[in-house]
Amino acid sequence: MIKFLKKMTRVRQNKNKFKSEKSVGLSAEDNPKIYTGKELRNTLILPSLKKNLDFLKEMLGANVDLVIRDIQIGRSEIRPAALLYFDNLTDSSLLDQHVLRPLVLEVYATGLRTGPEIIDQLEAGNLITRAELKKVENFDALLDGLLIGEVALLIDGFPYAVSISIKGYKSRNVAEPDSEPVVRGPRDSFVETLSTNISLIRRRLQSPNLVFEPITLGYITKTKVSMAYLRGVCSPDLVREVRTRLKRIHIDGVLESGYLEELIQDHPYSPFPQVGVTERPDRAAAGLLEGRVVILTDNTPMALLAPGEFFSLMQAAEDYYNRYIFSTLIRFLRYTAFIMALLLPAAYIAITTYHQEMIPTQLLVSIMAARLGVPFPAFLEALLMEFSFELLREAGVRLPRPVGQAVSIVGALVIGQAAVQASLVSPLMVIVVAVTGIANFTIPQFNISVAIPTLRFPLMLLAAFLGLYGVMTGVLLLLLHMFSLRSFGVPYLSPLSPFKPGDLKDVAVRAPWWTLTRRPSETADASLRMTPGQIPHPPKKGSDPS
């Protein structure tokens, strides 16, 4: 017992010795002080240039891309100054031309000699030839500017800094949309830069009533978010609700608009999306004209549209660019494809398992002959094929594009043919799963097309146990759930429920443009969008064409 106590004492002494040696070896870089935004807002910029630089180096000095350029202002009564910026976020050519050259060289050609004279001209805005120039008085605003690509000018003796916008970070060029391609229509899409996305909408809606409200979200990322709406068209209640939901978000970072989508929707546990998602500026502009709110997030090419009712998510931008007869037929095909993608495997399982009397005799004989030798029931057979199809689809998305397409096509052919030859599945089941997958791909909105498989599997399970009664029960429960949903207070199945006949012209059908004289009543504050009676007609005989 005495030996054990001595051993424990030595172990405790060694631990204390290790802790003391470790604490002595810590440097300021190993154990830096963490400053909060509140502390930085309360920390004012001092007149002493040295103290300001020491404070900034304490926070940012370990960054390899931080540049501190010391300069001298004036030939007599010299004032020391410093330019601070992050090398990868600024345009060095603009910095040389519009900041360094006026401060260091061109001031003497204008007759300015002393530091105070130069600073007077700097305060008047007559020296640095950049449009965005502002004074900052605390370190929070100074660091916010540095981290988005601005250059900070600190001058000895002045209790503020001059923040100069010279952003020069790399961004992707505007290209064709990948997730929403069209045959007829604009070919530009949103990019990862917020200012570019705003300009793409401004080009389409040249109205002074178009408002982009700035919001900053994420206390680490400080992501810029812009809430866009048309004043006088969008309902003020909807604007107020979207603004409230965005401003109540308190999170460390927002890296993509999907973060916001989950945090602002009405029913987070529902498989149905309640916010529209698009990468097309024309679709965003069309949503604004209908009285919706568009949410643009920096660093992502995806914009959110609120509210997002079910029927609006089933519409494509090209519906309004083609003739109304063709667009109406396409919409009928799209709704049919939605029903097939949701119910076709479940209906096949239910009919072949419990309701063979519903199948014509000749077709039933063909189905039984095809299933001869298959060891699994129809439910397991469908489950195996659906799982294989979803696996191939996900692999095709994640692999590099040229390889992914080849893997998807070859994998589907090889696996399907091999499964049929091995008598693991019947040929008809392969056809059912393939048609289901193709029907799923016709849904224009990706966020609702990915929700269909999550609903398809429970319906298949109900069909396996209860037949068509289970399928109809599942459909009724699904409809009751959809009737109960809201998107920013708007009924999810509007205008079907509540029933509004005037808004049905743009739901199952796409009526001619001269009949779409009013905006959706659930979203728009001003309903009239077109003067009635504009149906085209040939000129009358003897009338003046002018």
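From a predicted model like this one, the values you see are computed outputs, not experimental measurements. The basis for the numbers below is simple: all heavy atoms, side chains too, and nothing from hydrogens, waters or symmetry mates.
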| said: Pair Glu309, Arg292 - check salt bridge (Lys or Arg N to Asp or Glu O under 4.0 Å), show working. | reply: CA-CA 11 Å; Glu309 317 94 85; Arg292 305 183 192 277; 2.5 Å; yes
Kindly give the heavy-atom pair with the smallest separation between [X] and [Y], and that separation in Å.
X: Gln445; Y: Gln315; value: NE2-O, 4.5 Å
X: Val277; Y: Glu261; value: CG2-OE1, 3.8 Å
X: Met482; Y: Leu493; value: CE-CD2, 3.6 Å
X: Ser270; Y: Leu485; value: OG-CD1, 3.6 Å

Does the plane of the ring in [X] sit parallel, tilted or perpendicular to the ring in [Y]? Use 30° and 60° as the thresholds.
X: Phe272; Y: Phe310; answer: perpendicular
X: Trp513; Y: Tyr320; answer: tilted
X: Phe441; Y: Phe389; answer: tilted

| field | Worked verdict on Ser487 versus Gln265 for side chain to side chain donor-acceptor pair (under 3.5 Å) | value | CA-CA 7 Å; Ser487 177; Gln265 58 187 352; over 6 Å; no
| field | Arg245 with Asp266: basic N within carboxylate O range, under 4.0 Å | value | yes
| Got a salt bridge between Arg240 and Asp237, using NZ or NE/NH1/NH2 to carboxylate O under 4.0 Å? | yes
| task | Show your working on side-chain contact (heavy atoms from CB on, under 4.5 Å) between Lys222 and Ile148 and close with a plain yes or no. | result | CA-CA 10 Å; Lys222 295 184 179 179; Ile148 63 173; over 6 Å; no
| note | Distance col, row Arg456:CZ vs Thr436:OG1, nearest 0.5 angstrom, shows 6.0 Å
| Test applied, side chain to side chain contact (heavy atoms under 4.5 Å, CB included); reference residue, Val225; option that passes from Thr216, Leu260, Asp298 |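 Only match with Val225 under side chain to side chain contact (heavy atoms under 4.5 Å, CB included): Leu260.
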Donor-acceptor under 3.5 Å ([X] side chain, [Y] main chain):
X: Arg510; Y: Thr328; value: no
X: Thr300; Y: Glu256; value: no
X: Thr523; Y: Glu290; value: yes

| field | Flag if over 12 foreign heavy atoms under 6.0 Å of CD, Glu357 | value | yes
